[in-house]
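Please read the structure below before turning to the comments.
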2 protein chains.
Amino acid sequence: MKRTIVIFGALIVALLGLMQLGKYVLVRDTSSAEWIIAAIAVAFFFIGILINRKSQQAETLKAGKASPSQLNALGLSKREYEVLIHLSEGHSNKEIADLLFVTESTIKTHVSNILMKLDARRRTEAIAKARELHLITQ
Amino acid sequence: MKRTIVIFGALIVALLGLMQLGKYVLVRDTSSAEWIIAAIAVAFFFIGILINRKSQQAETLKAGKASPSQLNALGLSKREYEVLIHLSEGHSNKEIADLLFVTESTIKTHVSNILMKLDARRRTEAIAKARELHLITQ
DNA sequence: TCAGATTTGGTACTTTAGTATGAGGATGCT
DNA sequence: AGCATCCTCATACTAAAGTACCAAATCTGA
């Protein structure tokens, strides 16, 4: 999260720098100014998507209702809990990977760790145990 | 998804329009050009957030859709329902087979039928849907 | 700032799950 | 008795899941 702020700050600085550059370019060549503005617009468009994506991941965590102490007792990390939630929703490893913007490999690692920590041999057993422990609501 | 493309296209057109406007403004006053660029950047930043949020809302909608319950309506047989219960308890096909004194083959057939009738692609998805339909308690 | 935990990702396998298809016996309804 | 449905089981695959190790980049708490 800290890194996001740093990156965003750097982008602001970069934008200001571009503006200083623009002072000399814009007055001379109007057609190239169009491209610079377009680039800035597109860049910020995607930055908006990225930042929003980050914050929505945080919301997903808050949505699940498990106390940090509970997770701590089991040794489940934040990310692992997040995967566990998607698991209980019936998603495949590939689907979870796409939802969290990582590879299927990563999800397999997380799932393996979840199974170990919940002492389960299958994802369905992990879901059942998580429900018993009230890690999952509904 | 089509609408997203249309919206994005409209934004591009709007950007081009702004540029045409910029041709007359920028060349005259350089300091105001900075503000225009900043405004465009900020605007696209939030547009990025909005579009991203729209697409995520659509996914959420698809996920939550409950249809009329009861076994009969779904066409689930008694035996299939029995298997479904064991499924939700986290048992493997082999374990369920032993619990019900039949072969794993038989359980596979039952599970396949359950998946078809619940319109699920995985046992975990079937469990999630069965829970939504209150076929499974707790 | 440094160690330990977390997150991510890969390769190479083994094991379960799930699909498609067919088929015989049991059951219930008319 | 006849027909539909259910339950059972099998074979032969394909597709996911899961295991075991390893490795590197990040984060976090002292």
(message) Test salt bridge (Lys or Arg N to Asp or Glu O under 4.0 Å) on B/Lys129 and B/Glu132; report intermediate values, then the result.
(response) CA-CA 5 Å; B/Lys129 288 201 172 187; B/Glu132 274 179 30; over 6 Å; no

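Of all heavy-atom pairs spanning A/Glu95 and A/Gly90, the tightest one is OE1-O, 4.4 Å. Nearest heavy atom pair, residue A/Glu125 against residue A/Asp119, reads OE2-O, 4.0 Å. In this structure, B/Ile114 and B/Leu84 approach most closely via the heavy-atom pair CD1-N, 3.9 Å. Across all non-hydrogen atoms, the minimal contact from A/Leu87 to A/Val111 is CD1-CG2, 4.0 Å. Taking both residues in full, the closest heavy atoms of B/Ala120 and B/Ala126 are given as CB-N, 3.6 Å, listed atom of the first, atom of the second, then distance. Between A/Ile127 and A/Ser88, the shortest heavy-atom distance links the atoms CD1-CA, 3.7 Å.
The interatomic distance linking A/Leu84 (CG) with C/dT7 (P) rounds to 13 Å, in whole Å. Atom CD in B/Glu82 sits about 9 Å away from atom P in D/dC7, given to the nearest Å. One interatomic measurement links the two molecules: CG of A/Leu115 to C1' of C/dT16, which rounds to 13 Å at whole-angstrom precision. The interatomic distance linking A/Lys78 (NZ) with D/dC27 (P) rounds to 11 Å, in whole Å. In this structure, the CD atom of A/Glu80 is 10 Å from the C1' atom of C/dA5, given to the nearest Å.
The one candidate from A/Thr106, A/Asn113, A/Ile107 that meets the side-chain contact (heavy atoms from CB on, under 4.5 Å) condition with A/Thr109 is A/Asn113.
Between the CZ atom of B/Arg131 and the CD atom of A/Glu89 there is a distance of 12.5 Å, given to the nearest 0.5 Å. One distance of note links NZ of B/Lys78 with CD of B/Glu82; it measures 8.5 Å at 0.5 Å rounding.
For residues 91-100 of chain B, proximity to DNA chain C is found at B/Ser92, B/Asn93, defined as any non-hydrogen atom under 4.0 angstrom from a strand atom. Heavy-atom distances under 4.0 Å link DNA chain D to A/Lys108, A/Val111, A/Ser112 of residues 102-113 of chain A, given in residue order. Non-hydrogen atoms lying under 4.0 Å from DNA chain D are contributed by A/Arg122, A/Arg123, all within residues 118-127 of chain A.
Here the side chain of B/Lys117 pairs no donor or acceptor atom with the backbone of B/Leu76 at under 3.5 angstrom.
Taking every side-chain heavy atom of B/Ser77 into account, D/dC6 is the closest of C/dG18, C/dT8, D/dC6.
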